[in-house]
Amino acid sequence: MAEQKLSLYNTLTRKKEKFSPLAPPFAGMYVCGPTVYGEPHLGHARSAIVFDLLYRYLSHSGYKVRYVRNITDVGHLENDADEGEDKIAKKARLEQVEPMEVAQEYTNSYHAAMRKLNNLPPSVEPRASGHIIEQQELISAILEKGFAYEVNGSVYFDVEKYHQENNYGKLSGRVLEDLLSNTRQLAGQQEKKSNIDFALWKKAAPEHIMHWPSAWSEGFPGWHLECSAMSAKYLGANFDIHGGGMDLLFPHHECEIAQNTATNGGAGAKYWIHHNMVTIGGQKMGKSLGNFITLREFFSGEHKMLTQAYSPMTIRFFMLQAHYRSTIDFTNEALQASEKGLNRLFEGIAALDKISPQGKQDVLSDEWEQKCYQAMNDDLNAAVLISHLFELIRLINQGKNNEIAFSKNDLQKAKHIMHTFAFELLGLRPEKETANTELTENLINFLLKLRLEAKTQKNYATADSIRDYMTEIGIEVKDTRDGFEWKLV
RNA sequence: GGUCGCGUGGCCGAGUGGCUAGGCAGAGGUCUGCAAAACCUUGUACGGCGGUUCGAAUCCGCCCGUGACCUCCA
């Protein structure tokens, strides 16, 4: 059904490439998931939404997709100056609870937020802490190949040795010589042969909470290891797509490629897909910058930078209106525009059910569907897809006003397009509540019929009084040409 | 400092050698008891200066502004 001509921008080759999986009809996709030491925020939302769009589209196109997205609950060093104190462990000590309790709490928050955003759950969601053995095996393999060395119970990746036969920097475009001269000298790096070497295993300091036994020391795995280990475990040494934010391009993904290449000669993934950042006032959102807004705060509106609450679907729609490789700047004004636009889209789609077919000839050409697929195929251009949907909404509204006569076939076509692209692929979901029982619904309709009678008799005082009361209790009433409409707000 | 990117109408944001992106806001109109919604009309934008071209916002150069990465980060 779908045209199988998806092109994706591959960071590895720096150009758009036709997507062609290694073993069709299967497609493997690995995405760097959250580090669960804090509340999920807009950035997490963007990553999840972008790759949800890709997941949905690949599935829609007939691929059997295995979507793996990890949970990082161990393994990220705070920084080298801290002598390798683990992020999760640090937070745990501050809050005086078990590290895994912290990880679990934020994992739960993350899942709840992702569900609200209507992101489909991944096929496999592995935790780094559950794959210590696999990570240790990977370290052994790299040591065996001679691309790592052990010092005092810690193991480091030998970047310069690796670079003699391979290209460290092929993904990020970095030049090794520049890196060597520009990398900062940090405390606690005396063990490493070179500044740019990175840890595969770190010996845990005595006060360190999270540690595991290993052949080298009681310690913990390095920060880039988990993704290599878990992608290989669930997708194979060579798989199709690796995704993540642009901020992970270097060093994280570069190091992953080095680890993968060192063990089996391949980069791992064929297509490396990176989405851009969310900015606030033109600056990247970050805790240290003080412009950090969690998803919970967006949904409740409780944040000093927010003038109102924004629904999960508004956030999703806002994200989808920009191409994934562009930065997207958050402002209240932009989000309000999205909220209204999304409402227009949903109302237009709902109007489709109220239009009765009148035309004998089709007015909607088949090009509509093709245009929509073209937008998706062009590196998942959801922004252009949405513009097409709005063009169609304009026509639908004209049909609603009897300015265009749609045929039965037209209406089916329009419904099909909206359901496929707006709901199935973009993952938009009307949030409008309906009356919870048939009884309520009947009562509302009865009241409105009374109002209509009053109106017909020009008893506007009564008509307005009924409408005012209904508005007050949360029922929005709109008059139409031959009756009324209502919805709960 | 090194590397890479971006600069589009009031706002957000697509596009990229010639053909109206789209949404929001604004103005005028149609409809309407009022309200709301919807529809129609309306703005001829691409940082500056040069160059290439029949033609550039789109390619090239320089300048200005701005951002990301180089440190955990979506």
Side-chain angles (χ1 to χ4, degrees), chain A residues 14 31-35 37-38 40-51 72 75-82 86-87 90 169 172-175 177-179 181-184 186 196 223 243-252 254 274-279 282-288 317-318 321-323 325-345 347-348 351 375 378 381-391 393-394 396-404 455 458-460 463-464 467-468 471 476-481 485:
Chain A
R14 290 173 198 278
V31 174
C32 291
T35 302
Y37 72 100
H41 53 71
L42 264 195
H44 293 120
R46 185 165 203 194
S47 173
I49 289 166
V50 164
F51 293 110
T72 297
H76 280 234
L77 305 174
E78 183 73 15
N79 60 50
D80 285 7
D82 269 352
D86 190 280
K87 236 182 193 180
K90 177 162 196 184
S172 60
R174 312 266 158 162
V175 179
E177 290 68 33
D178 294 343
L179 286 169
S181 58
N182 284 322
T183 304
R184 286 193 297 171
L186 294 169
I196 55 168
W223 18 311
M246 279 184 184
D247 52 345
L248 298 178
L249 222 155
F250 188 89
H252 183 56
E254 194 69 64
H274 291 94
H275 69 260
N276 218 318
M277 303 287 103
V278 177
T279 59
Q283 260 200 327
K284 183 178 149 176
M285 188 181 75
K287 266 187 175 165
S288 53
F317 187 65
F318 174 63
Q321 276 182 300
H323 186 91
R325 284 193 292 115
S326 302
T327 54
I328 185 165
D329 194 45
F330 154 80
T331 57
N332 271 294
E333 208 181 354
L335 229 39
Q336 280 162 1
S338 285
E339 184 178 58
K340 287 182 183 170
L342 179 62
N343 193 44
R344 179 172 145 88
L345 184 69
E347 302 248 311
D378 185 14
N381 199 330
V384 166
L385 169 58
I386 288 170
S387 79
H388 293 327
L389 296 183
F390 273 114
E391 286 163 20
I393 289 294
R394 171 164 293 151
I396 291 168
N397 285 332
Q398 287 174 17
K400 184 179 155 193
N401 287 6
N402 295 317
E403 289 159 19
I404 291 181
K455 231 179 81 175
K458 297 199 192 301
N459 184 355
Y460 296 123
D464 288 351
R467 186 174 63 195
D468 289 347
T471 306
E476 188 181 289
V477 179
K478 280 191 254 178
D479 289 346
T480 59
R481 188 177 291 251
E485 289 177 358

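rC4(B) atom C1' lies 10 Å from atom CE of Met246(A), rounded to whole Å. As rounded to whole Å, 14 Å separates atom P of rC40(B) from atom CG of Asn402(A). A straight line from NZ of Lys284(A) to C1' of rG67(B) spans 11 Å, rounded to a whole angstrom. Rounding to whole angstrom units, CG of residue Leu389(A) and P of rG23(B) are separated by 11 Å. Counting to the nearest Å, the C1' atom of rC31(B) and the CD atom of Gln398(A) are 15 Å from each other. The interatomic distance linking Leu179(A) (CG) with rC70(B) (P) rounds to 11 Å, in whole Å. To the nearest angstrom, P of rA37(B) lies 13 Å from CG of Asp479(A). Atom CG of Asn332(A) is separated from atom P of rA25(B) by 15 Å (rounded to the nearest Å).
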* To do: Apply side chain to side chain contact (heavy atoms under 4.5 Å, CB included) to the pair Val384(A) and Asp378(A), showing each step before the final yes or no.
  => CA-CA 10 Å; Val384(A) 166; Asp378(A) 185 14; over 6 Å; no
* Asked: Given the rule in the side chain to side chain contact (heavy atoms under 4.5 Å, CB included) test, do Met285(A) and Met277(A) qualify, once you have shown the distances and angles that lead to the verdict?
  -> CA-CA 8 Å; Met285(A) 188 181 75; Met277(A) 303 287 103; over 6 Å; no
* **Trace of the salt bridge (Lys or Arg N to Asp or Glu O under 4.0 Å) decision for Lys478(A) with Glu347(A)** => CA-CA 13 Å; Lys478(A) 280 191 254 178; Glu347(A) 302 248 311; 3.0 Å; yes
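Nucleotides rC60(B) and rG5(B) place their P atoms 11 Å apart, quoted to the nearest Å. When the P atom is compared between rC39(B) and rA25(B), the two are found 12 Å apart, to the nearest whole Å. Going from the C1' atom of rU58(B) to that of rG18(B) covers 11 Å, rounded to whole Å. Rounded to whole Å, the separation between the P atoms of rC40(B) and rA68(B) comes to 41 Å. Rounded to whole Å, the C1' atom of rU32(B) lies 12 Å from the corresponding atom of rA38(B). rG9(B) and rU71(B) have their C1' atoms separated by 40 Å, given to the nearest Å. Only the P atoms considered, rC59(B) is 15 Å distant from rU8(B), to the nearest whole Å. Between the C1' atoms of rC6(B) and rA57(B), the separation comes to 15 Å (whole Å).
In this structure, Leu342(A) CG and Phe318(A) CZ are separated by 13.0 Å, a value rounded to the nearest 0.5 Å. In this structure, Arg325(A) CZ and Asn381(A) CG are separated by 9.5 Å, a value rounded to the nearest 0.5 Å. The OG atom of Ser172(A) lies 7.0 Å from the CG atom of Leu179(A); values are rounded to the nearest 0.5 Å. In this structure, Leu389(A) CG and Arg394(A) CZ are separated by 13.5 Å, a value rounded to the nearest 0.5 Å.
Distance from the side chain of Lys478(A) is smallest for rA36(B) among the nucleotides rG22(B), rA36(B), rC39(B). Nearest to the side-chain atoms of Asn397(A) among the listed nucleotides rC70(B), rA38(B), rA35(B) stands rA38(B). Which of rA74(B), rG2(B), rG23(B) sits closest to the side chain of Arg344(A) comes down to rG23(B).
Contact annotation: Arg174(A) side-chain N/O to rC69(B) OP1/OP2 distance is not under 4.0 Å. Taking only side-chain nitrogens and oxygens, Arg467(A) never comes nearer than 4.0 Å to OP1 or OP2 of rA36(B). A close approach under 4.0 Å does occur between a side-chain nitrogen or oxygen of Lys340(A) and OP1 or OP2 of rA25(B). For rC70(B), neither phosphate oxygen OP1 nor OP2 lies less than 4.0 angstrom from any side-chain nitrogen or oxygen of Ser172(A).
Taking the nucleotide of RNA chain B with the nearest heavy atom to each of Phe250(A) and Met285(A), the more 5' of the two is matched to Phe250(A). For the pair Gly173(A) and Gly341(A), both in contact range of RNA chain B, the more 5′-proximal nearest nucleotide belongs to Gly173(A).
Considering only heavy atoms from C-beta on, Asn276(A) comes within 4.5 Å of Arg46(A) through its side chain. Contact annotation: the side chain of Asp479(A) approaches that of Arg467(A) to within less than 4.5 Å [non-hydrogen atoms, C-beta and beyond]. Counting heavy atoms from C-beta outward, Lys284(A) and Asp247(A) have side chains that approach closer than 4.5 Å. Looking at Glu391(A) and His388(A), their side chains come closer than 4.5 Å, going by heavy atoms from C-beta outward. Side-chain atoms of Asn397(A) and Ile393(A), non-hydrogen and from C-beta on, do get closer than 4.5 Å to each other.
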* Structure fact -> Intra- and inter-strand pairing of RNA chain B, written as dot-bracket with Watson-Crick and G-U pairs under 3.5 Å and | for the latter, reads (((((((..(((.....[...))).(((((.......)))))....(((((..]....))))))))))))....
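Centre separation under 5.5 Å together with a plane angle under 30° holds for the ring of Tyr460(A) and the six-membered base ring of rG33(B), marking them as stacked.
In terms of polar N and O atoms assigned as donor or acceptor, the side chain of Asn401(A) never comes within less than 3.5 Å of the base of rC31(B) in a complementary pairing.
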* What string of B, S and - do you get for nucleotides 11-21 of chain B 5' to 3' if you count protein non-hydrogen atoms under 4.0 Å? -> SSSSS-----B
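Counting non-hydrogen atoms under 4.0 angstrom, Leu335(A) reaches nothing in the nucleic acid. Residue contacts shown for Val278(A) include a base, since a base heavy atom lies under 4.0 Å away.
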